[in-house]
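Labels below follow one simple rule: chain letters A, B, ... track the order of the sequence lines, proteins then strands, and each chain is numbered from 1. Atom set for the values below is all heavy atoms of this structure, side chains included, hydrogens, waters and symmetry mates excluded.
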Protein chains: 2
Amino acid sequence: MPRVSEEYRAARRREIADAALRAVRRKGFQAASMADIIAESGMSAGAIYGYFAGKSEIVHEVAGGIVGGRLDDVERLAATDPMPPPSEVVRVLMQGMLEDLGETGILVQMWGEAVTDPALRALATDVLGRLRGAYAQYLSLWHQREHGLAPDEALALGVDQAPLFLAASQAFVVQSALLDDFDAEVYLARVTRHLPR
Amino acid sequence: MPRVSEEYRAARRREIADAALRAVRRKGFQAASMADIIAESGMSAGAIYGYFAGKSEIVHEVAGGIVGGRLDDVERLAATDPMPPPSEVVRVLMQGMLEDLGETGILVQMWGEAVTDPALRALATDVLGRLRGAYAQYLSLWHQREHGLAPDEALALGVDQAPLFLAASQAFVVQSALLDDFDAEVYLARVTRHLPR
DNA sequence: GTCTATACCAGGATAGAC
DNA sequence: GTCTATCCTGGTATAGAC
């Protein structure tokens with residue numbers, strides 16, 4: 001298989017996935033039809049089916065792209081310097097997410113789909129697990145640096161506290177998607193004030 | 001309109017809604033088809049369309065039933081005696097929910113649908129708002145009783161802390177629906193340990 | 001490789017008999 | 001009021017020409 005053709009193929013798949021993402025943003029995760037994706041991409045049905053086996057394959061690609069960006073952010077978190085304090089770390093992550101996604105409804109829809117779609121579920125499980133792990137690692141480092149805890153103590157505390165930070169992030173997503181009067185700043189102020197330090 | 005007929009009609013609608021709930025539990029919120037509901041109810045298509053204008057009306061009725069039970073629990077929370085401590089209150093609520101619903105996936109699916117369905121969204125907004133209010137009221141009372149705060153101080157603190165308790169509840173729902181290895185007890189232990197007292 | 005046209009299917013809703 | 005049979009729409013996927 002010639003090298004150029006492989007690259008072309010990958011670029012084309014990417015192009016289709018990007019178009020699908022735009023369609024999904026406009027119409028919703030499951031309401032976006034192949035016709036929408038076709039129109040958005042400017043390509044034809046036949047062309048698209050040359051690169052993807054079907055709609056679900058496209059949807060999974062899109063979902064992977066959405067959470068892939070999140071994972072990068074998350075795993076960069078523990079490496080940031082200067083390290084943001086725990087009260088800020090949820091804010092930083094949520095702001096990055098909003099910049100990247102525009103809004104959070106698409107994530108809530110993904111979660112809903114994931115309940116019945118095994119592939120999406122596996123994706124969500126993986127990402128949530130990694131997010132929790134990244135929080136734990138960040139918190140562990142923070143407690144070492146700021147409170148002088150020994151590494152093992154700090155890690156135990158981090159693992160223990162991480163679920164609450166994960167909860168604050170997930171609830172941000174849900175509330176920002178569903179509450180008309182949701183105010184990100186008020187939410188972050190109230191929640192971070194009561195997170196452990 | 002004769003009285004008996006009205007009651008009959010209401011009972012029939014209820015019967016259909018119950019059947020729909022069973023279908024939704026088995027198949028998922030949007031995957032459940034009219035054929036499923038028809039089969040589950042033992043009635044015929046024609047009969048059902050005599051009581052509901054269409055599938056979406058049935059779905060909205062089902063959703064209302066699901067969250068209606070939640071609201072009762074929630075508003076009973078502040079009136080409980082003896083009052084459970086903050087570390088227990090999330091647990092109590094989540095256990096009630098699990099008993100009533102069996103699992104939480106159905107709620108996550110509802111949230112996902114609510115992103116694009118205005119009626120479901122209104123329902124979700126209402127319930128989340130009330131849940132937050134009930135937490136605030138409970139916390140206010142708690143701080144008055146246990147810490148001897150003045151009512152206005154206690155209420156301010158309650159309003160301030162409520163979003164974090166709401167977050168803990170929402171995240172319980174999401175994680176329990178999506179993480180294969182989710183352990184309710186471990187989650188509750190970790191989260192409640194770090195909630196404010 | 002890509003297009004157009006179309007086959008095919010699932011699912012919601014209705015018509016008309018009883 | 002209720003049932004059966006059927007219509008119709010919308011949506012995915014494919015066939016065949018270029």
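Nucleic acid contact class of A/S44 (heavy atoms, under 4.0 Å, all strands): base.
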inquiry  = Please evaluate residues B/I16 and B/E61 with respect to the criterion side-chain contact (heavy atoms from CB on, under 4.5 Å), reporting the C-alpha separation (whole Å), side-chain torsions for both, the decisive distance (0.1 Å), and the verdict.
reply    = CA-CA 10 Å; B/I16 294 166; B/E61 181 93 356; over 6 Å; no
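Looking at A/Q144 and A/E153, their side chains never bring a donor and an acceptor atom within 3.5 Å of each other.
With rounding to whole Å, A/D36 atom CG is found 8 Å from D/dG11 atom P. The separation between A/R13 atom CZ and C/dT2 atom P is 14 Å, rounded to whole Å. Spacing between atom CD1 of A/I16 and atom P of C/dC3 amounts to 10 Å, rounded to whole angstrom units. When the P atom of C/dG1 is taken as reference, atom CD of A/E7 falls 13 Å away, rounded to whole Å. Distance CD1 (A/I38) to P (C/dT4): 11 Å, rounded to an integer number of Å.
Within residues 17-30 of chain B, no residue has any heavy atom closer than 4.0 Å to DNA chain C. Sorted by residue number, the members of residues 46-64 of chain A with any non-hydrogen atom under 4.0 Å from DNA chain D read A/Y49, A/G54, A/K55.
Heavy-atom contacts from other residues, nucleotides or ligands closer than 6.0 Å to CD of B/Q137 number 12 or fewer. The number of heavy atoms from other shown groups lying within 6.0 Å of CZ (A/R26) is above 12.
Sorted by first then second residue, the side-chain hydrogen bond (donor to acceptor under 3.5 Å, both in side chains) pairs that include residues 180-189 of chain B, not counting sequence neighbours, are A/R121-B/D180, B/R91-B/E185.
Dashed line: the shortest gap from a side-chain N or O of B/R12 to OP1 or OP2 of D/dT2 is under 4.0 Å.
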